[in-house]
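Structure, as structure tokens:
Letters go in sequence order (proteins before strands), and every chain restarts at 1. These numbers come from the heavy atoms of this one structure, side chains and all, not from hydrogens, waters or symmetry mates.
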There are 2 protein chains.
Amino acid sequence: MVNYPNKKINNNRKITSTANRGMNLEKMINQTNEFYLNNNIAIIHKKPIPIQIVKVDYKRRSAAKIIEAYYKLPSTTDYNGIYKGRYIDFEAKETKSKTSFPLKNIHKHQIIHLEKCLEHGGITFIIIYFSKLDRIFFLDSKYISLYYKRSLKGRKSITLDEIEKNGIEIFQGYRKPIDFLQVIDKYYLS
Amino acid sequence: MVNYPNKKINNNRKITSTANRGMNLEKMINQTNEFYLNNNIAIIHKKPIPIQIVKVDYKRRSAAKIIEAYYKLPSTTDYNGIYKGRYIDFEAKETKSKTSFPLKNIHKHQIIHLEKCLEHGGITFIIIYFSKLDRIFFLDSKYISLYYKRSLKGRKSITLDEIEKNGIEIFQGYRKPIDFLQVIDKYYLS
């Protein structure tokens with residue numbers, strides 16, 4: 001459930017200095033997805049973190065206790081689901097940089113995954129949060145592919161200028177902290 | 001990668017008594033999805049098992065070791081992805097029963113999740129494997145909802161007869177052990 005009082009507000013109003021202060025990107029996206037889910041707008045979930053389970057203690061009858069496990073590299077993105085009949089797939093990344101988004105933040109197989117989903121008709125993107133600037137951008141995955149290719153020979157990051165030019169800035173909202181479906185409505189489905 | 005030699009075979013041929021013997025349902029589905037992925041037919045992945053991580057040992061520099069964690073109930077299904085522009089969402093369940101599929105095998109919130117995905121335009125189903133009979137069925141999620149409703153007042157399972165009547169039997173294949181996209185092509189997209 002969304003933990004905010006149910007009062008009418010303009011979700012586009014820039015209220016970064018109050019409501020969402022201290023909220024990290026994952027929490028903002030999760031709250032947004034919960035809003036979409038609870039209002040039957042879209043069905044988008046974060047995937048569980050991939051874990052390699054090595055040892056489990058079954059001694060306690062109530063709950064098996066995992067006592068040895070390791071993080072695995074994700075082979076896909078963190079979020080996917082369905083909106084208005086369309087397959088949605090995206091990754092969300094936070095950076096402390098004030099000038100660019102370092103591409104090392106996103107794994108090569110995640111880029112490949114986004115490319116494949118795009119090829120098969122999905123709507124694919126990343127959400128980039130510049131935490132020090134408190135600015136959020138929606139960037140179509142085709143640009144990630146483009147700049148990833150560039151990074152193999154040159155610059156290892158996407159500059160903020162480039163993101164401003166090719167991405168869509170999302171202003172934080174209250175009940176839907178990061179209303180990325182608004183971008184999809186406007187730029188993909190209209 | 002699919003571990004079979006690359007020779008032409010009829011994937012519909014019933015070879016349950018040889019190739020896939022001893023393979024459990026998850027493995028058969030994963031191999032099928034790998035085939036789809038490697039041949040750029042569809043992008044369908046199993047979601048990681050949801051885990052509640054309680055304690056992590058960061059002592060070793062190379063890899064953080066999770067030393068206390070517990071299984072969580074899944075809030076969605078195990079598999080989703082995209083095929084020919086359509087959102088695909090399903091659960092796969094194995095039963096040792098020879099006569100019926102017990103509905104306790106599938107959680108209520110998974111049924112609700114499938115209903116929501118269907119409502120938003122997804123193709124939603126479950127794959128049921130009768131391991132003792134070595135028979136596999138594709139059952140549209142609308143029947144799961146139907147029989148789930150019935151189970152609240154009566155019978156707690158779906159009989160094999162009902163599954164034979166409302167589902168589509170999938171005969172095990174070699175390179176694509178459970179070729180569920182064939183069912184989707186024939187019954188949903190043609």
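Residue pairs meeting the salt bridge (charged side-chain N to carboxylate O under 4.0 Å, His left out) criterion with at least one member in residues 112-132 of chain B, sequence neighbours excluded, do not occur.
Annotation: maximal heavy-atom pairing with chain B below 4.5 Å, among Ala42(A), Pro74(A), Ala69(A), Gly121(A), occurs at Ala69(A). Interface summary for chain A: among Ile88(B), Ile41(B), Asn40(B), Thr76(B), the most heavy-atom pairs under 4.5 angstrom belong to Asn40(B).
Atom-to-atom distance recorded for Tyr70(A):OH and Ile66(B):CD1 is 9.5 Å, nearest 0.5 angstrom. Between atom NZ of residue Lys46(A) and atom OG of residue Ser75(B) there is a gap of 11.5 Å, rounded to the nearest 0.5 Å. Considering CG of Asn80(B) and CD1 of Ile43(A), their distance stands at 12.0 Å, rounded to 0.5 Å.
Ring planes of Tyr87(B) and Tyr87(A): parallel class, angle under 30° (limits at 30 and 60°).
The interface of residues 47-57 of chain B with chain A, defined by heavy-atom distances below 4.5 Å, comprises Lys47(B), Pro48(B), Ile49(B), Pro50(B), Ile51(B), Ile53(B), Val56(B). At a heavy-atom cut-off of under 4.5 Å, chain B is reached by no residue from residues 144-164 of chain A.
Heavy atoms closer than 4.5 Å to chain B are found in both the backbone and the side chain of Ile67(A).
With sequence neighbours left out, the ring-ring contact (aromatic ring centres under 6.0 Å, His included) criterion links His120(A) to no other residue.
Under a hydrophobic-cluster definition in which Ile, Leu, Val, Met, Phe, Trp and Tyr are linked whenever side-chain heavy atoms come within less than 4.5 Å, directly or via other members, Tyr188(B) and Ile178(B) are assigned to the same cluster. A single hydrophobic cluster is seen to contain both Tyr36(B) and Ile127(B), as judged by linkage of ILVMFWY side chains at heavy-atom distances under 4.5 Å, directly or through other members. Grouping the Ile, Leu, Val, Met, Phe, Trp and Tyr side chains by contacts below 4.5 angstrom, directly or via other members, places Leu181(B) with Val183(B). Side-chain heavy atoms closer than 4.5 Å link hydrophobic residues (I, L, V, M, F, W, Y) into clusters, and following such links, even through other members, never connects Leu133(A) to Ile136(A). Under a hydrophobic-cluster definition in which Ile, Leu, Val, Met, Phe, Trp and Tyr are linked whenever side-chain heavy atoms come within less than 4.5 Å, directly or via other members, Phe125(B) and Met28(B) are assigned to the same cluster.
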